[in-house]
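Just the heavy atoms: all of them, side chains too, but no hydrogens, waters or symmetry mates, feed the values below.
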Amino acid sequence: MFSAADQQWMERALALARRGLRSTTPNPRVGCVLVSATGTLLGEGWHQRAGEAHAEAHALRAAGEQARGSTAYVTLEPCAHFGRTPPCSNALIEAGVARVLVAMEDPNPLVAGRGLDRLREAGIEVRCGLLADEARELNLGFVSRMTRGLPWVRLKVAASLDGRTALLDGRSQWITGAAARADGHAWRARACAILTGIGTVRDDDPQLTVRDLPKNDGPQTGSQIGQPIRQPLRVLIDSRLEVDPGAKLVRAGGLLLGHALDEDWLVTGPLADKARLLQDHGVELWSSPKLSSSSSSASASASLAPPGKVDLGALLAELARRGVNELHVEAGAGLNGSLVREARVDELLVYLAPALLGDSRPMFNLEPPETLESAKRLVFHEMVKVGDDLRILARFKQNEAN
């Protein structure tokens, strides 16, 4: 059993970890607190950016020699391998820490219990599992990337109370209020990448950048006062390379564009000049691997993309390979429907405005189920009022346990 004091200190470590909510990608968000045998706080810290010191290193530096004989509360298993920084398990051992309480094991195969084993071998008392659900929730994307080889996909929709996202002519500014829009930017800020489709670019010409963050930034999004905003990677699905080179998304540079064209078309075909112009703007063109004639039937069945369409599964795997933990989707009904149909979405982030738009554009283009029992089912995870609107976080049942 864990004591009330243990829970209190781990809650503090989790609060510290949340301060890195927007900045640690591709690393997990981690907090650490060092406490003396008499219950005095000696040092604390959190991982702030990839490549910089881990949470344990910050806490140990703050505690100094007082760390000897202390208890360390860490939200994620201390690493046991050399990456861009030395192993944190070694640092805790060298500092003479007596006890280490960990919220959850690290799902990274390079760690996966090795850090805890190393601490135990050094004679340190180790206990794991305190507030594990909270720690896992904080790093859903990292856990997903390490265990599934895919990012955690969060699909955001702003809609009227009757589930409509725009008028029939495409006008959608603004269905929800200023507070909901700012809150949406906070969710963008915590993501590693933002995905949209060519239809949304044609209709809205979005920037897909993080701008209007809430002034009162609470526990849900984490406080990062004084830290510069990290702009997520922007990803566009544009199967036929239809994007206007003058679109805001293109002009800003640093865009990953997924297409379904043959490579020859991009070099010598009618779209070669456009492809070069996009690349001159800093756009990276990506196409999913083509199945060869020698591919096994098992490999062929793994691709759900119809001819001429981007393979969504392959794109998500590529984003995970690039270190994307959380993918934030802001798209139209077509791409939204495709992602849901292929079970590529983990949770929906829905902002509902107290308005009715009638027979306008829907959230998703989906075929109706044959029966109510066969409908796609979700679990409400959170419901919060934001300004005059309602924010709903709902997870597909198969992903609720992830």
Side-chain angles (χ1 to χ4, degrees), residues 10-11 13-32 46-50 54-56 73-81 83 88-89 101-117 127-155 187 189-195 219-222 232-233 313 315-329 339 343-349 378-379 381-382 393-402:
M10 188 62 79
E11 286 173 350
L14 285 165
L16 291 167
R18 291 188 189 98
R19 297 189 182 184
L21 197 67
R22 302 174 187 159
S23 60
T24 64
T25 180
N27 291 353
R29 299 126 180 175
V30 184
C32 177
W46 69 94
H47 182 45
Q48 298 176 21
R49 294 177 189 81
H54 288 188
E56 298 92 328
Y73 296 87
V74 193
T75 59
L76 187 70
E77 174 184 359
C79 60
H81 65 289
C88 292
S89 54
L101 272 64
V102 177
M104 64 174 286
E105 287 191 12
D106 192 333
N108 186 342
L110 295 175
V111 185
R114 293 182 180 88
L116 301 182
D117 289 342
R127 298 178 68 190
C128 186
L130 176 58
L131 300 183
D133 289 344
E134 290 84 347
R136 186 181 183 87
E137 188 72 26
L138 186 60
N139 284 302
L140 280 174
F142 182 75
V143 172
S144 175
R145 182 166 66 88
M146 290 296 144
T147 59
R148 304 188 301 177
L150 297 169
W152 181 264
V153 179
R154 181 179 298 115
L155 194 158
W187 285 91
R190 67 171 283 168
C192 308
I194 303 174
L195 173 73
Q220 174 61 46
T221 54
L233 170 70
L315 177 59
L316 293 182
E318 171 64 16
L319 292 176
R321 188 189 67 79
R322 295 178 181 224
V324 172
N325 294 327
E326 294 183 18
L327 177 64
H328 181 92
V329 180
L339 288 165
R344 304 296 183 188
V345 180
D346 295 300
E347 66 183 3
L348 300 181
L349 174 65
L378 298 95
V379 177
H381 186 72
E382 180 188 69
L393 196 64
R395 292 178 180 164
F396 286 90
K397 278 196 168 183
Q398 68 270 21
N399 297 326
E400 173 65 9
N402 286 338

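Remark: the backbone N or O of Pro78 is not paired with any side-chain donor or acceptor of Ser89 at under 3.5 angstrom. Not a single donor-acceptor pair under 3.5 Å links the side chain of Thr75 to the backbone N or O of Ala103. Side-chain N or O atoms of Glu382 include none that pairs as donor or acceptor with a backbone N or O of Leu393 at under 3.5 Å.
Residues meeting the side chain to side chain contact (heavy atoms under 4.5 Å, CB included) test with Pro232, sequence neighbours left out: Ile194, Val210, Arg230. Under the salt bridge (charged side-chain N to carboxylate O under 4.0 Å, His left out) criterion, Arg322 pairs with Glu284, Glu318, sequence neighbours left out. Annotation: salt bridge (charged side-chain N to carboxylate O under 4.0 Å, His left out) contacts of Glu326 (sequence neighbours excluded): Arg29, Arg154, Arg190. Ala193 meets the side chain to side chain contact (heavy atoms under 4.5 Å, CB included) test with Leu233, Val235, Val324, Leu327; sequence neighbours excluded. Residues forming a ring-ring contact (aromatic ring centres under 6.0 Å, His included) with His328 (at least two apart in sequence, or on another chain): none. For Arg114, there are no salt bridge (charged side-chain N to carboxylate O under 4.0 Å, His left out) partners at least two apart in sequence or on another chain.
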Handout entry: Residue pair Leu155, Leu195: steps toward the side-chain contact (heavy atoms from CB on, under 4.5 Å) verdict
Key = CA-CA 9 Å; Leu155 194 158; Leu195 173 73; over 6 Å; no
Problem - side-chain contact (heavy atoms from CB on, under 4.5 Å) between Met104 and Val143, intermediate numbers included - result: CA-CA 11 Å; Met104 64 174 286; Val143 172; 4.0 Å; yes
Exercise for the section: Evaluate the criterion side-chain contact (heavy atoms from CB on, under 4.5 Å) for residue pair Asp346 and Arg148; output intermediate values, then yes/no. Expected result: CA-CA 12 Å; Asp346 295 300; Arg148 304 188 301 177; 3.0 Å; yes
Practice task
Kindly determine whether Glu56 and Val74 satisfy side-chain contact (heavy atoms from CB on, under 4.5 Å), including the steps that lead there.
Solution key: CA-CA 8 Å; Glu56 298 92 328; Val74 193; 3.5 Å; yes
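Atoms CG and OH, on Leu16 and Tyr73 in that order, are 14.0 Å from each other to the nearest 0.5 Å. Cys192 SG to Arg22 CZ: the interatomic distance, rounded to the nearest 0.5 Å, is 13.5 Å. Remark: Leu76 CG to Leu14 CG distance equals 10.5 Å, nearest 0.5 Å. From Leu339, atom CG reaches atom CG of Leu316 across 7.0 Å, with rounding to the nearest 0.5 Å.
Closest of all the heavy-atom pairs between Glu105 and Leu116 is CG-CD1, 3.7 Å.
A side-chain contact (heavy atoms from CB on, under 4.5 Å) with Phe142 holds for exactly one of Thr24, Thr147, Asp106; it is Asp106.
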